[in-house]
Structures are given as structure tokens and as C-alpha cells.
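Numbering starts at 1 and runs along the sequence shown. What you see below is based on every heavy atom in this structure, not just the backbone, and it leaves out hydrogens, waters and symmetry mates.
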Amino acid sequence: MRRLTKKKALNLVKELDAFPKVPDSYVETTASGGTVSLIAFTLMAVLAFLEFFVYSDTWMKYEYEVDKDFSSKLRINVDITVAMRCQFVGADVLDLAETMVASDGLKYEPVNFELSPQQRLWHMTLLHIQERLREEQSLQNVLFKTAMKGAPAALPPREDSPTQSPESCRIHGHLYVNKVAGNFHITVGKAIPHPRGHAHLAALVSHDTYNFSHRIDHLSFGEEIPGIINPLDGTEKVSADNNHMFQYFITIVPTKLNTYQISADTHQYSVTERERVINHAAGSHGVSGIFMKYDISSLMVTVTEQHMPFWQFLVRLCGIIGGIFSTTGMLHGIVGFLTDVVCCHFQMGVYRHREERLLNEQADNESPVPTENHSQ
């Protein structure tokens with residue numbers, strides 16, 4: 001009984017075989033079939049190779065949510081060179097609550113405004129990258145993927161020794177401010193606290209020494225990430241007038257960056273520029289200097305690097321191989337059918353004429369021969 005049961009189960013499994021074996025004597029190979037198979041295998045190999053590159057690549061996913069962190073401090077990273085002596089300028093931050101932030105984290109370094117050949121090459125390369133970033137936003141994803149922990153790339157040191165004494169001031173360092181809108185500015189005179197805000201000691205500085213031509217080598221918010229290029233990096237403004245106001249209106253967007261190389265809390269920003277000459281006689285009032293007015297967005301962006309799962313790669317690979325195999329088989333069958341129809345049509349016409357000729361010859365041969373009766 002057990003043997004009969006096993007035999008029935010085995011027969012049932014054989015009946016469910018979806019891949020029946022065809023005897024070799026029933027298989028006929030043709031040159032056209034071999035050609036189609038060669039094309040199909042080549043196409044499968046090429047598409048499978050390209051699919052592997054798609055599998056090995058990653059992409060950035062952007063998600064948006066409300067930023068609920070308002071108690072933490074915002075870090076401002078600054079590296080700006082102003083074409084004035086360090087004793088004549090001062091930098092500080094005044095936020096929306098009229099709270100003056102101490103600028104103890106900023107350093108004032110006397111430098112030359114003109115760059116050396118190597119520094120100018122670095123600066124021109126940075127400007128070229130900025131131009132491409134404005135045209136192709138996808139390059140920003142490449143920068144996110146290559147971002148790493150550590151200090152960001154800065155202006156390289158001079159390779160020569162300038163003969164002139166330093167006439168400019170490099171202001172660099174970082175500040176921690178409240179997470180509210182504020183105004184970071186560089187103007188004439190050192191900042192002093194004031195009951196209603198703050199003031200700058202500009203009365204002792206001659207107007208002839210005013211020159212707010214400047215170069216922004218780096219300006220970022222949050223954690224510094226090397227490889228990330230910010231919108232104002234490499235900006236250079238040259239003023240022909242002593243009394244000149246430069247304004248930058250900045251909108252800061254909190255950003256969480258999660259890639260396979262780094263996980264950091266940083267900030268992106270967009271900027272709008274405006275500049276004008278201060279001329280009180282012409283009605284253009286204001287204070288000469290560099291003003292960066294920033295505001296913080298209530299939305300937070302989460303940028304995550306993602307990768308195709310291995311099972312999805314296998315499914316796509318099977319779809320490519322099975323789809324090409326089935327499609328080429330169908331096309332080969334259709335072309336073969338049409339070829340057989342056309343060829344058989346002509347062959348039937350040839351056979352029809354040949355058959356009519358044979359029938360006529362046979363009729364002529366079978367026709368009765370007339371006989372003569374001779375009377376004796």
C-alpha cells in the first residue's frame with residue numbers, strides 16, 4: 001500500500017511538471033534561430049551589465065518635516081577678507097531679540113587682499129563649481145555623497161612672500177547664536193555694548209579709509225562638513241566708492257544629512273544680494289559695511305542616501321532575462337510564420353502551374369487515337 005501511495009504521489013508530481021522535456025529527435029536547429037539566440041544573449045549580457053551599475057549606484061532621498069528644535073544654538077562659520085585694516089573694522093551679531101552676541105570666537109588676521117597665483121586658481125575653480133551648481137542641481141547630490149567629517153577645504157596658504165605690508169583683514173572663526181533671526185555684520189569700528197542694543201566706535205575712523213571690498217571664502221551654518229560648497233563661498237565684491245553697503249538676505253534651512261560616510265546636523269541656505277552706495281545728499285541713507293541678515297525656516301530637510309535592495313536587483317535581472325527571451329522567441333516565431341506564408345504562397349503558385357502542365361500532358365497521352373476501317 002505504501003508503494004502504491006508513493007507511486008501515485010510521484011505520478012501526481014510528474015503531471016504538475018511545468019517544464020516538460022522535449023526529446024532531442026523532435027528539436028530542429030536552424031540558422032535563423034541561432035542568429036536570434038546570439039542577439040538575445042548579447043542583449044541580455046549588456047542589459048545585465050548596465051543593471052549592475054544601477055544596483056551599485058545610490059541616490060538621495062529628501063524628506064520634509066517641521067523643525068521642533070528651537071532651544072539649541074546655531075553655529076555660524078565665517079571666513080571673510082575685508083579690504084580694511086583690522087583696527088578699523090569690527091564684526092558681531094545682533095539677533096531679533098536685540099541680544100548682542102560676543103564675537104570672542106572670531107579672529108582678526110592682517111593679510112593682503114590680492115591673492116597669489118595658486119590661491120587665485122583655487123578661487124577661480126570654486127567660482128566655476130558654483131556656476132555649475134546653479135545650472136545642475138544634481139551635482140549637489142554628488143557633494144552630499146562625498147561629504148566627510150573633519151575640517152572643510154579652505155583657501156590654501158600663500159606660496160610667496162608679499163613685499164607690501166598687509167592692508168586688509170581676514171575675519172575667520174565661528175559664533176554661537178540663538179536660533180532666531182539675526183544680523184551678522186562687519187562695519188567700521190569695534191562693537192561696544194549699549195543699553196538699547198550696541199554701537200560701533202566709528203567716529204575715530206576717517207571716511208577716506210573706508211573700503212568694504214570683500215571676499216567670502218567660506219560662510220556656513222551648523223556643523224562644518226568638508227566637500228559641501230555653500231552659495232556664498234567664493235563671492236568677491238569690489239567697491240569703487242568708500243561709502244558702500246553690501247546686504248545679503250539669507251534663508252537658513254535645517255538639514256539632517258545621513259549618508260554611508262557621514263551623519264551630521266547641518267544647515268543649507270539660499271541668499272539674495274543687494275548693494276548700494278551711501279549718499280545722504282541723494283537720499284540713500286544707511287551705514288557702510290557688510291550686512292548678512294538671516295532667518296531660519298520652520299521646515300527641516302532630511303537627506304538620506306539610499307541603495308537598491310539585493311532582492312529588487314534579482315527581480316529586475318530576472319525580468320530582463322525572461323523578457324528578452326520571451327520577446328525574441330515571439331518575434332522569431334512571427335517572422336518565421338510570415339516567411340512561411342509568403343514562401344508557401346509562391347510555392348503553391350509554382351506547383352499549381354506545374355500540376356496543370358502535367359495534367360495537360362497526361363490528358364494528351366490518354367486521348368483515343370482514331371483507327372481506320374479497311375473494307376475488304
Side-chain angles (χ1 to χ4, degrees), residues 60 76-84 89 91 106 109-148 150-160 162 164 166-174 184-186 211-241 244-253 255 257 266-277 289-294 303:
M60 309 305 294
I76 304 178
N77 309 297
V78 180
D79 190 352
I80 302 176
T81 302
V82 185
M84 290 183 65
V89 295
L106 296 180
E109 179 184 351
V111 294
N112 290 93
F113 191 79
E114 292 296 328
L115 299 175
S116 65
Q118 183 179 355
Q119 290 176 331
R120 179 58 63 183
L121 178 61
W122 183 89
H123 185 258
M124 294 300 295
T125 304
L126 182 59
L127 292 180
H128 180 67
I129 296 175
Q130 289 281 24
E131 183 180 357
R132 296 298 301 272
L133 281 173
R134 296 187 187 99
E135 297 175 356
E136 302 180 17
Q137 184 62 29
S138 60
L139 291 179
Q140 187 64 50
N141 295 336
V142 179
L143 296 178
F144 281 149
K145 293 179 185 179
T146 57
M148 298 177 63
L155 184 70
R158 300 184 68 95
E159 70 276 10
D160 57 354
Q164 299 179 353
E167 79 288 352
S168 301
C169 184
R170 179 191 175 198
I171 304 173
H172 60 98
H174 61 271
F184 170 75
H185 52 272
I186 302 173
N211 186 2
F212 284 99
S213 300
H214 61 280
R215 181 178 57 253
I216 304 175
D217 294 321
H218 180 74
L219 179 67
S220 64
F221 299 87
E223 183 179 352
E224 290 186 301
I225 303 176
I228 302 300
I229 299 178
N230 299 279
L232 285 177
D233 293 353
T235 301
E236 187 176 62
K237 300 289 184 180
V238 177
S239 173
D241 196 282
H244 210 116
M245 175 188 286
F246 296 92
Q247 292 178 308
Y248 299 93
F249 300 93
I250 301 173
T251 302
I252 305 172
V253 180
T255 304
L257 182 61
T266 183
H267 294 73
Q268 301 180 85
Y269 66 88
S270 61
V271 61
T272 302
E273 304 177 13
R274 186 189 176 194
E275 60 181 86
R276 60 187 175 92
V277 177
I290 305 168
F291 299 87
M292 299 181 180
K293 300 180 180 181
Y294 60 88
V303 184

Taking the side chain as everything from C-beta on, heavy atoms only, tell me whether [X] gets closer than 4.5 Å to [Y].
X	Y	value
T81	V111	yes
V78	L219	yes
Y248	I290	yes
M292	I216	yes
K237	E275	yes

- Message: Side chains of H123 and T125: any donor to acceptor distance under 3.5 Å?
- Response: no
- If you measure only the distance, is there a donor-acceptor pair under 3.5 Å linking the side chains of T266 and E223? no
- Message: Run the side-chain contact (heavy atoms from CB on, under 4.5 Å) test on I250 and L232 for me, step by step, so that the C-alpha distance in whole Å, both residues' side-chain angles and the decisive distance to 0.1 Å come before the verdict.
- Response: CA-CA 10 Å; I250 301 173; L232 285 177; 4.1 Å; yes
- Message: Whether the side chain of E131 engages the backbone of H128 through a donor-acceptor N/O pair (distance < 3.5 Å, no angle test) should be reported.
- Response: no
What are the two closest non-hydrogen atoms of [X] and [Y], and how far apart are they?
X	Y	value
S213	S239	OG-N, 2.7 Å
P110	P166	C-CB, 3.7 Å
I186	A91	CG1-CB, 3.7 Å

- Residue set satisfying ring pair (Phe, Tyr, Trp, His ring centres under 6.0 Å) with H244, at least two apart, ordered chain then number -> F246
- Task: Sequence neighbours left out, what passes ring pair (Phe, Tyr, Trp, His ring centres under 6.0 Å) with H174? Give chain and number order.
- Result: Y176
- Across all chains, not counting sequence neighbours, the side-chain contact (heavy atoms from CB on, under 4.5 Å) partners of L126 are W122, I229, D233
- Query: Could you state the interatomic distance from CG (L121) to CG (L115), rounded to the nearest 0.5 Å?
  - Reply: 11.0 Å
- With side-chain contact (heavy atoms from CB on, under 4.5 Å) as the test, would you mind laying out the steps for R274 and M245 before giving the verdict? CA-CA 8 Å; R274 186 189 176 194; M245 175 188 286; over 6 Å; no
- Note on the structure: The single option from R215, R170, H172 that satisfies side chain to side chain donor-acceptor pair (under 3.5 Å) with D79 is R170
- Message: Check this for me, if you would: do E273 and K293 make a salt bridge, where the nitrogen-to-carboxylate-oxygen distance has to be below 4.0 angstrom?
- Response: no
- Query: side-chain contact (heavy atoms from CB on, under 4.5 Å) between F113 and E236: does it pass, once the steps are laid out?
  - Reply: CA-CA 11 Å; F113 191 79; E236 187 176 62; 4.2 Å; yes
- Task: Test ring-ring contact (aromatic ring centres under 6.0 Å, His included) on Y269 and F221 and set out the steps.
- Result: CA-CA 8 Å; Y269 66 88; F221 299 87; 5.4 Å; yes
